[in-house]
Amino acid sequence: MPASTEKIYLGGLARRLVLDGLLTEEAAHKHFVAASKQKKTFVTFLVSQKVLDGQTIALAASDEFGMPLFDISALNREVIPRSIVDEKLIRKHHALPMFKRGNKLFVAVSDPTNLQALDEIKFQTRMSTEAILVEEDKLAKVIDAAMDDDDTSMADLLDDDLDNIDFEDTGDKAPADDIDSDIDDAPVVRFVNKILLDSIKKGASDIHFEPYEKSFRIRTRQDGILKEVASPPMNIANKLTSRIKVMSRMNISERRIPQDGRIKMALSKNRAIDFRVNTCPTLYGEKIVLRILDPTSAQVGIEQLGFDPAQKANFLKAITKPYGMILVTGPTGSGKTVSLYTALNILNNPDINISTAEDPVEITVPGINQVNVNPKTGLTFAEALRAFLRQDPDIIMVGEIRDLETAEISVKAAQTGHLVLSTLHTNDAPQTLNRLNQMGIPPYNIASAVLLIMAQRLARKLCESCKKEEDLPAELLVKEGFSEKEAKKMKVFKAVGCDNCISGYKGRIGIFQVMPVSEAMEKLIIAGCSTKDLEEQSAKDGILTLRQSGLEKIRAGITSIEEINRITKD
């Protein structure tokens with residue numbers, strides 16, 4: 001008989017699912033074979049493929065074996081004996097040790113018939129085991145969370161590679177007394193190195209080391225959301241702080257004022273990661289935040305930014321103009337630097353002279369002359385701009401327009417044959433024009449210099465593996481901003497959460513308001529119009545607001561209503 005037609009004996013939980021009418025016998029056989037090929041447990045496969053949900057399977061198992069169902073999401077992760085069972089074994093069988101009493105280990109499982117898991121755990125721990133029935137999807141989340149906690153625990157720092165990470169000289173010099181005070185405590189060195197490496201692997205943008213009265217917390221920002229990754233003992237808090245300050249070439253004896261520094265970690269011969277480090281004295285010690293600056297993060301093509309066709313066309317048209325000013329606006333962490341460097345990478349040719357002034361330079365690009373401004377030495381944005389204008393520039397990028405002097409020089413450069421790119425901190429594109437006016441730039445100069453203003457935010461993208469269609473009433477969709485006609489038939493998706501994502505989201509995409517300054521808008525600016533007048537003219541010109549741009553991403557199934565509501569207003 002061919003292998004494909006062989007019958008597999010179904011026992012235990014699989015048989016119960018068939019008897020309850022939840023699966024046909026044929027479907028059960030097919031899924032059993034597929035689970036074996038993928039080296040997954042039968043229950044894990046059914047839930048991951050959305051054949052059945054975890055609660056349905058758990059209730060069937062509870063009835064079949066007379067076991068109570070435990071809600072593992074309510075378990076305090078602090079009591080989990082993480083080091084007692086190897087992670088590979090936990091993930092192989094989807095079985096998690098929950099707690100121990102004497103010589104008995106209680107193990108969370110979603111399939112009580114998985115005796116192999118209990119036997120292997122029993123063999124490895126030399127303890128008797130007892131199965132606790134839980135839901136598979138909840139178990140998967142707790143396993144991931146427990147393993148993440150374990151990744152950054154002090155007990156897991158035995159990897160020799162952590163001692164051999166190469167930190168390059170950033171060129172900054174710390175006082176000699178501080179260098180002699182280097183923190184050489186091996187566990188602390190390994191712990192800090194591991195936090196940095198884990199954060200890079202997870203694609204984090206920032207790392208926060210936060211001291212409190214009775215605890216010390218470490219959080220990382222992934223896809224714009226902060227997540228706690230470790231809580232080291234309070235007795236090493238000062239050592240951690242000192243270690244990071246030494247790595248950043250800071251004065252470790254100065255704890256009363258904020259300090260800035262840099263760390264450069266060499267991952268390979270061809271790749272290095274920079275960390276921009278800042279300390280700030282708080283009630284219970286110094287809080288330290290590291291901004292992770294990965295050069296590869298800005299080497300994305302324009303197609304990956306998230307523009308719609310009209311926005312892309314307006315952006316490309318503006319950056320190819322020979323002179324004028326392009327402004328990008330948005331809060332910290334909204335992707336302004338990536339957008340600017342995407343433009344610079346498009347324009348970066350051997351026959352063009354490009355100079356940038358930044359605080360600090362976040363991404364180094366061959367062929368572009370980049371300057372770190374340093375107000376302490378008198379090298380401000382304004383001074384760097386004056387120097388650029390004496391060096392035959394074609395394109396100038398100013399990291400941020402912070403004051404009238406910088407704004408005036410930038411506007412004059414844009415009016416005298418140079419393309420100027422910069423950023424401002426405003427909520428949307430129309431407000432930016434009035435912000436320049438409030439800084440002291442005359443309206444006629446704004447109208448003649450500014451080509452385009454782009455406001456942006458970053459929205460988390462729904463995970464393609466687990467996103468689920470959401471049934472919402474048409475009235476609610478209309479309230480969110482959709483038309484009555486489309487609200488009746490459109491598909492809207494929500495975040496669910498799986499092994500491949502963070503709370504149902506994976507990666508981010510730009511939400512843009514790309515506003516060219518039209519002739520009608522120029523007239524309004526010269527006439528001293530209000531922000532509301534500019535907003536109305538922008539709408540007449542067919543420019544999408546940030547909110548409308550976000551709704552487009554919902555229509556395309558890229559993100560959820562909750563996420564767009566989080567980053568934009570109605």
Side-chain angles (χ1 to χ4, degrees), residues 305-331 334-336 339-340 343 401 404 407-408 410-412 414-415 419-457 459 478-483 486 510-555 564 567-570:
L305 290 181
F307 288 127
D308 70 22
Q311 291 173 338
K312 177 184 171 184
N314 284 330
F315 183 70
L316 289 175
K317 182 180 178 181
I319 67 172
T320 52
K321 291 284 182 69
Y323 55 86
M325 180 182 282
I326 296 169
L327 295 171
V328 182
T329 181
S334 61
K336 299 188 297 296
S339 295
L340 286 172
I401 294 177
L404 175 58
E408 285 179 335
S410 299
V411 167
K412 287 176 183 176
Q415 291 174 322
L419 184 66
V420 179
L421 291 81
S422 190
T423 69
L424 269 176
H425 285 284
T426 57
N427 288 325
D428 60 18
Q431 286 184 26
T432 306
L433 294 169
N434 276 338
R435 173 77 179 122
L436 286 173
N437 193 10
Q438 290 166 4
M439 291 176 76
I441 303 297
Y444 56 85
N445 279 340
I446 297 172
S448 64
V450 180
L451 296 173
L452 176 137
I453 300 171
M454 183 168 76
Q456 66 180 81
R457 301 289 187 275
V478 170
K479 187 178 179 181
E480 293 292 346
F482 298 101
S483 68
E486 64 179 336
I511 305 295
F512 299 96
Q513 180 184 25
V514 182
M515 188 183 83
V517 178
S518 62
E519 288 186 16
M521 208 168 284
E522 287 180 12
K523 293 177 181 177
L524 287 173
I525 295 168
I526 293 171
C529 67
S530 65
T531 298
K532 186 172 180 59
D533 294 330
L534 291 171
E535 288 174 353
E536 291 174 355
Q537 184 58 49
S538 176
K540 291 177 184 176
D541 292 342
I543 305 302
L544 295 180
T545 64
L546 284 168
R547 176 74 181 180
Q548 290 167 338
S549 186
L551 296 182
E552 288 292 329
K553 297 297 186 290
I554 296 172
R555 291 185 183 97
I564 295 303
I567 62 172
T568 68
K569 65 176 183 178
D570 292 335

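Any value given below was found using the heavy atoms of this structure, including those in side chains, with hydrogens, waters and symmetry copies removed.
Judged purely by distance below 3.5 Å, without hydrogens or angles, the side chains of Gln537 and Asp533 never pair a donor atom with an acceptor atom.
Rounding to the nearest 0.5 Å places CD1 of Ile446 at 11.0 Å from CZ of Arg435. Interatomic distance, CG of Leu424 versus CD1 of Ile453, reported as 8.5 Å (0.5 Å rounding). Remark: Cys529 SG to Asn437 CG distance equals 9.0 Å, nearest 0.5 Å. The structure places CZ of Arg547 at 10.5 Å from CD1 of Ile511, a figure rounded to the nearest 0.5 Å. In this structure, CG on Leu305 lies 7.0 Å from CZ on Phe315, to the nearest 0.5 angstrom. Rounded to the nearest 0.5 Å, atoms CD (Gln415) and CG (Asn445) are 4.5 Å apart.
The nearest pair of heavy atoms linking Gln311 to Phe512 is NE2-O, 2.9 Å. Pro430 and Leu534 get closest at one heavy-atom pair: O-CD1, 3.6 Å. When all heavy atoms of Asn434 and Ser530 are compared, the pair lying nearest together is ND2-C, 3.4 Å. Counting all heavy atoms, side chain and backbone alike, Gly330 lies closest to His425 at O-ND1, 3.2 Å. When all heavy atoms of Leu551 and Glu480 are compared, the pair lying nearest together is CD2-O, 3.8 Å. Counting all heavy atoms, side chain and backbone alike, Leu451 lies closest to Leu419 at CD1-CD1, 4.1 Å.
Of the possible donor and acceptor atoms, one in the side chain of Gln513 sits under 3.5 Å from a partner among the backbone N and O of Ala429. Counting only distance, with no hydrogens or angles, the side chain of Lys540 and the backbone of Ala520 share no donor-acceptor pair below 3.5 Å. Looking at Gln431, its side chain never comes within 3.5 Å of a backbone N or O of Thr531 through a donor-acceptor pair. Although no hydrogens or angles enter the test, the distance criterion places no donor-acceptor pair under 3.5 Å between the side chain of Lys523 and the main chain of Ser518. Judged by distance alone, with hydrogens and angles left aside, the side-chain atoms of Thr329 form a donor-acceptor pair with the main-chain N or O of Thr426 at under 3.5 Å.
Every residue meeting the side chain to side chain contact (heavy atoms under 4.5 Å, CB included) condition with Ser410, not counting sequence neighbours, appears here in chain and number order: Met325, Leu385, Val398, Ile401, Thr406, Val420.
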Handout entry: Chi angles and distances behind the side-chain contact (heavy atoms from CB on, under 4.5 Å) call for Leu327, Leu436
Key = CA-CA 11 Å; Leu327 295 171; Leu436 286 173; 3.7 Å; yes
Practice task
Evaluate the side-chain contact (heavy atoms from CB on, under 4.5 Å) criterion for residues Leu452 and Asn314: first the C-alpha distance (whole Å), next the side-chain angles of each, then the deciding distance (0.1 Å), finally the verdict.
Solution key: CA-CA 8 Å; Leu452 176 137; Asn314 284 330; 4.2 Å; yes
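Counting heavy atoms from C-beta on, the side chains of Arg457 and Asn427 come closer than 4.5 Å. A heavy-atom distance below 4.5 Å is found between the side chains of Ile543 and Pro516.
For Lys532 and Glu535, the salt-bridge test fails: no basic side-chain N is under 4.0 Å from an acidic carboxylate O.
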